[in-house]
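Down below is the structure, laid out as structure tokens.
Hydrogens, waters and symmetry mates are skipped; everything else that's a heavy atom, side chains included, is used. Atoms within a ligand are numbered from 1 in the order they appear, just like the ligands themselves. Residues: numbered from 1 along the sequence shown.
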Amino acid sequence: EQLQIAFKNFGGNMLFKSILIANRGEIAVRVIRACKEMGIKTIAVFSDADKDSLHVKYADDAVHIGPALSRKSYLNIDNIIGAAKKTNADAIHPGYGFLSENFNFAKACFDNHIIFIGPSAQSIAKAGDKSAARQTLMDLGIPIIPGSDDILSSSDMACKVADTVGYPVILKAAGGGGGRGMRIASNKEELITAFSIASGEAKIAFGNPDIYLEKYIEKPRHIEIQILGDHFGNYIHLAERECSIQLRYQKLIEESPSSFVDENFRVKLGKTAIRIAKAFDYTNAGTMEFLVDKNKNFYFMEVNARVQVEHPVTELVTGVDIVQQQILIAAGEKLDLKQEDIHLNGWSMECRINATDPNDNFMPSPGQIESILFPGGPGIRIDTHIHDKYMVTPFYDSLIGKLIVWAKDRPAAINRMSRALSEFEIKGIETTIGFYKKVFKNDNFQKGDIDTHFLERI
Ligand code: MV4
């Protein structure tokens with residue numbers, strides 16, 4: 001359907017003349033940069049809090065879409081569609097977060113004959129329905145974490161499933177997400193207690209007492225595969241990103257490739273990721289997330305139906321501009337890349353620069369930036385919208401920029417990131433920069449001996 005609109009709107013000349021960027025901050029700037037290099041006119045949208053922001057300054061046109069509160073601006077579908085119609089935008093790039101994986105928004109774009117730069121609304125819905133997705137993929141023989149295929153009706157049933165998958169097990173709330181409402185049990189006794197606590201908590205927290213059970217994967221790594229798929233059934237993968245360095249399900253440091261993934265394993269993960277994409281009729285850029293145990297067993301977790309915060313590390317090792325590929329695919333172009341064109345060169349790492357205080361439980365630290373000194377020199381990329389005197393408001397995510405490095409191998413990338421962090425100075429607010437300096441000195445981090453619990457431990 002997306003393609004039909006594209007043909008109707010642009011005939012033979014497919015490339016968009018203008019794109020509205022339905023986002024703010026560094027990712028809005030990133031998308032504008034891709035458009036400029038492609039000769040596409042850019043239209044920014046902005047809330048009251050962002051009228052002087054960099055994405056507004058860089059775009060060719062800008063439309064005010066409401067007050068600072070996201071719900072009334074960047075999450076307001078009517079206002080954003082209205083801005084696109086007013087400015088005659090051919091397409092909308094949603095960035096990440098906000099409306100990027102919102103079925104109703106993708107559908108509203110479609111209904112208004114505006115191309116949504118992302119997968120179809122139907123694919124978003126298919127990939128987003130966790131329980132249906134699990135069934136679909138299980139039927140295809142794609143590895144998913146062993147567990148109850150449905151919600152548990154009693155602790156008796158929980159114990160039966162636990163006996164078949166083996167302890168330890170984890171209880172998850174069906175209405176939860178992002179790690180909330182999870183409980184681990186190492187034996188039958190613990191499971192019986194955990195079952196009643198978990199369903200009670202789930203009811204209070206999510207208004208839904210339903211819980212399901214999975215085998216608990218101890219000290220897993222979070223490894224994800226970037227894929228691209230066009231409207232003609234062509235798919236490629238752009239290898240993996242290692243995203244295990246996280247705290248409370250917030251990624252902080254990402255890298256590509258992963259020191260845990262050799263060429264054989266990469267081929268296996270890549271092929272699996274493409275099979276998952278095909279199962280969801282997935283088009284455009286997307287990410288398949290896997291949990292990987294110490295024996296390299298891997299299990300599909302979920303699809304991220306958007307461009308991700310950490311996409312630059314993949315860009316730096318593959319040389320592929322993921323945002324430009326998103327735009328070309330959405331405009332109905334055939335993928336001009338084949339799997340055999342994709343070669344990994346060197347190593348890339350990213351530190352998310354957050355306006356949070358590592359010495360105060362990573363609490364948000366809004367305020368005015370007095371001054372900034374950015375690192376530079378060989379192998380440094382900074383994606384940000386901040387500048388001297390920029391006001392970090394409390395209204396949005398605390399991500400204020402990303403420091404990304406490229407070097408020939410992992411030790412060189414670590415060395416370069418440490419050097420870059422030592423040059424980076426932000427005065428006036430607290431940030432995660434100083435914390436990263438310590439992480440990069442850690443022996444286990446340097447050895448690549450990491451998992452999703454690494455930061456909790458240190
Ligand atoms: C798990 C797991 C171990 N075993 N499931 C956390 C968020 C949620 N989306 C899935 N999560 C996990 N599920 C089983 N069966 C460990 C985690 C987990 C995790 C997963 C991905 C990234 C970071 C994580 C940090 C802690 C726990």
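Nearest protein neighbour of atom 4 (N) of ligand 1, counting heavy atoms only, is Ile217 N, 2.9 Å. Of all protein heavy atoms, the one lying nearest to atom 16 (C) of ligand 1 is Leu291 CD1, 4.0 Å. Atom 8 (C) of ligand 1 has Gly179 N, 3.9 Å as its closest protein atom, hydrogens excluded (heavy atom only). Summary of contacts: the protein heavy atom closest to atom 25 (C) of ligand 1 is Gln246 NE2, 3.2 Å. Taking atom 15 (N) of ligand 1 as the reference point, the nearest protein heavy-atom neighbour is Lys215 O, 2.7 Å.
When side chains are defined from C-beta on, Ile145 does not count as touching Val165, because their heavy atoms never get closer than 4.5 Å. Using a 4.5 Å heavy-atom cutoff, the side chains of Val303 and Phe280 are in contact. For the pair Thr193 and Glu190, the minimum side-chain heavy-atom distance is 4.5 Å or more. For the pair Ser348 and Ile404, the minimum side-chain heavy-atom distance is below 4.5 Å.
Gln308 pairs in a side-chain hydrogen bond (donor to acceptor under 3.5 Å, both in side chains) with only one of the listed residues (Arg241, Gln226, Glu254), which is Arg241.
Within the structure, ligand 1 lacks Glu218 among the residues with a heavy atom less than 4.0 angstrom away. For Lys172, the closest heavy-atom approach to ligand 1 falls below 4.0 Å.
Within the 4.0 Å heavy-atom criterion, the part of Met182 lying near ligand 1 is the side chain and not the backbone.
Here is the list of ligand 1 atoms found below 4.0 Å of a heavy atom in Ile145: 5 (N), 14 (C), 15 (N).
Taking any N or O of Ile170, backbone or side chain, none lies under 3.5 Å from an N or O belonging to ligand 1. Backbone and side-chain nitrogen or oxygen atoms of Tyr249 are examined, and none is located within less than 3.5 angstrom of a nitrogen or oxygen of ligand 1. Residue Glu214 has at least one N or O atom closer than 3.5 Å to an N or O atom of ligand 1. Residue His222 places no N or O, backbone or side chain, under 3.5 Å from any N or O of ligand 1.
In this structure, Trp347 contributes its side chain and Ile414 its backbone to no donor-acceptor pair below 3.5 Å.
For the pair Glu240 and Arg221, the salt-bridge criterion is not met [side-chain N within less than 4.0 Å of a carboxylate O].
Between Phe374 and Phe424, the ring planes are tilted. Angles from 30° to 60° get that label.
For Phe98 and Phe105, the gap between ring centers reaches or exceeds 6.0 Å.
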